[in-house]
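When reading the values below, keep in mind they use all heavy atoms of this one structure, side chains included, and skip hydrogens, waters and symmetry mates. Not measured: the values here are computed from a predicted model.
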Amino acid sequence: DIAGMLAKTPPAQQIHYVTALSVAKNGWTKASREKYFKWFTTAFGYKGGNSYVGFIDRARKMALKNVPQEELAYFDKLSGNALLDVSNQNKLASNVVRPKGPGRNWSVDSALAVIQSDPGGRNFEQGKAMFAATLCSTCHRLGGEGGEIGPDLTQLGTRFSAKDILVSIIEPNKEISDQFAATYFYMKDGSSVVGRVKNQDNTKYFVSQNPFAPQQIREIPKKDVARASISDAPSIMFPRLINSLNQDELRNLMAYLVSGGNQNHEVFKKVASSKP
């Protein structure tokens with residue numbers, strides 16, 4: 001599992017060089033530019049966090065500003081512009097699969113009964129699609145893909161039971177790890193700020209307040225803070241995100257979670273028929 005994740009990890013040193021070169025105006029040849037811009041197409045295939053695609057695309061666009069106008073369209077295409085979502089270039093274009101439903105108001109007991117009566121032979125592709133459709137992939141990584149706001153779920157199936165997993169999905173406020181809890185800042189001017197502390201130095205807290213835009217960081221000067229404490233606010237994870245799923249879709253999502261994103265896992269093997 002770790003090797004699989006590392007194989008998809010963006011190469012940090014290459015990203016550093018490419019970002020530095022994005023502001024270089026002189027010294028380019030046609031061959032060096034082609035090699036440089038082709039790299040972006042490859043880079044969009046790596047699996048980073050939610051802000052990764054936007055970060056790479058910003059470097060790409062900075063570099064394109066230094067390309068002669070008559071060659072702009074060529075290098076724009078060469079660097080993978082067609083791979084990006086037209087409506088949101090912080091994301092790659094994709095054919096999003098929506099749940100077919102009909103959904104239901106799943107409780108832990110009703111969902112667990114469906115999972116425990118599963119005959120097996122789950123559908124990997126649909127499980128992966130439901131992981132995205134229910135917004136799980138926005139905040140969680142699994143098999144090297146997804147967001148980084150919540151915990152990595154790759155080893156979920158080896159550590160927790162089906163009931164534990166369903167409780168976390170359906171009733172996320174029941175137990176919140178301190179590692180992912182929000183911090184409540186009481187400001188000296190009487191105002192307050194709530195968010196997840198991403199980092200801090202001697203003078204500032206760096207806080208993420210929007211789970212769907214984790215790259216947007218608010219800086220809070222420590223001199224302006226009267227006190228801070230772990231917030232007792234509800235989990236930033238919405239409850240009952242699986243209510244749009246039908247029975248089969250729920251089973252496939254759970255299989256995908258249990259497998260850690262491994263399509264060769266036993267949950268995706270066909271069950272032999274008992275008929276003669």
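Hydrophobic clustering places Tyr74 together with Val67 (ILVMFWY residues linked when any side-chain heavy atoms are closer than 4.5 Å, directly or through intermediates). Under the 4.5 Å side-chain contact rule for hydrophobic residues, Tyr184 and Met187 do not share a cluster. Taken together through direct or relayed side-chain contacts under 4.5 Å among Ile, Leu, Val, Met, Phe, Trp and Tyr, Leu21 and Ile15 form part of one hydrophobic cluster.
Remark: Thr42 pairs with Tyr46 by the side-chain contact (heavy atoms from CB on, under 4.5 Å) rule, at least two apart or across chains. The side-chain hydrogen bond (donor to acceptor under 3.5 Å, both in side chains) check on Gln200 picks up Lys222, with sequence neighbours excluded. Remark: Thr158 engages Gln155 in a side-chain contact (heavy atoms from CB on, under 4.5 Å) (not counting sequence neighbours). By the salt bridge (Lys or Arg N to Asp or Glu O under 4.0 Å) test, Asp76 pairs with Arg60, sequence neighbours left out. With sequence neighbours excluded, no residue forms a side-chain hydrogen bond (donor to acceptor under 3.5 Å, both in side chains) with Lys77. Legend: residues meeting side-chain hydrogen bond (donor to acceptor under 3.5 Å, both in side chains) with Asp224, ordered by chain and number and at least two apart, are absent. Residues satisfying the side-chain hydrogen bond (donor to acceptor under 3.5 Å, both in side chains) criterion with Lys223, sequence neighbours excluded, are absent altogether. Ser161 pairs by the side-chain contact (heavy atoms from CB on, under 4.5 Å) definition with Lys163, Asp164, not counting sequence neighbours. Applying the salt bridge (Lys or Arg N to Asp or Glu O under 4.0 Å) rule to Glu219 yields the partners Lys204; only residues at least two apart in sequence or on another chain are considered. Looking at residues two or more places apart in sequence or on another chain, you find a side-chain contact (heavy atoms from CB on, under 4.5 Å) between Ala111 and Trp106, Leu166, Ile170, Leu250.
Residues Gly101 and Asn246 approach most closely at O-ND2, 2.8 Å, considering heavy atoms. Ala59 and Ser22 make their closest contact through O-CB, 3.4 Å (heavy atoms, listed as atom of the first residue, atom of the second, distance). Minimum interatomic distance between Val18 and Tyr36 (heavy atoms only, all atoms of both residues): O-OH, 2.8 Å. Across Thr41 and Ser79, no two heavy atoms sit closer than the pair OG1-C, 3.4 Å. The two residues Ile56 and Ala43 make their nearest non-hydrogen contact at CG2-CB, 4.3 Å. The two residues Asn66 and Ala24 come nearest to each other via the heavy atoms ND2-O, 3.5 Å.
A donor-acceptor pair under 3.5 Å is absent between the side-chain atoms of Ser32 and the main chain of Trp28, judged by distance alone. Side chain of Arg251 to backbone of Val114: a donor-acceptor contact under 3.5 angstrom is found. Between the side chain of Glu71 and the backbone N or O of Pro68 there is no donor-acceptor pair closer than 3.5 Å.
To the nearest 0.5 Å, atoms CZ (Phe206) and CD1 (Ile220) are separated by 10.5 Å. Atoms CG and CZ, on Leu153 and Phe160 in that order, are 9.5 Å from each other to the nearest 0.5 Å.
No more than 12 heavy atoms of other residues, nucleotides or ligands sit less than 6.0 Å from atom OH of Tyr17. Open room surrounds CD on Gln13; 12 or fewer heavy atoms of other groups in view lie less than 6.0 Å from it.
Side chains of Ser107 and Asp109: a donor-acceptor N/O pair is absent below 3.5 angstrom, by distance only.
Met62 belongs to a hydrophobic cluster with Val23, counting contacts under 4.5 Å between side-chain heavy atoms of Ile, Leu, Val, Met, Phe, Trp and Tyr, direct or through other members.
Within the structure, salt bridge (charged side-chain N to carboxylate O under 4.0 Å, His left out) pairs that include any residue of residues 23-37 do not occur (at least two apart or interchain).
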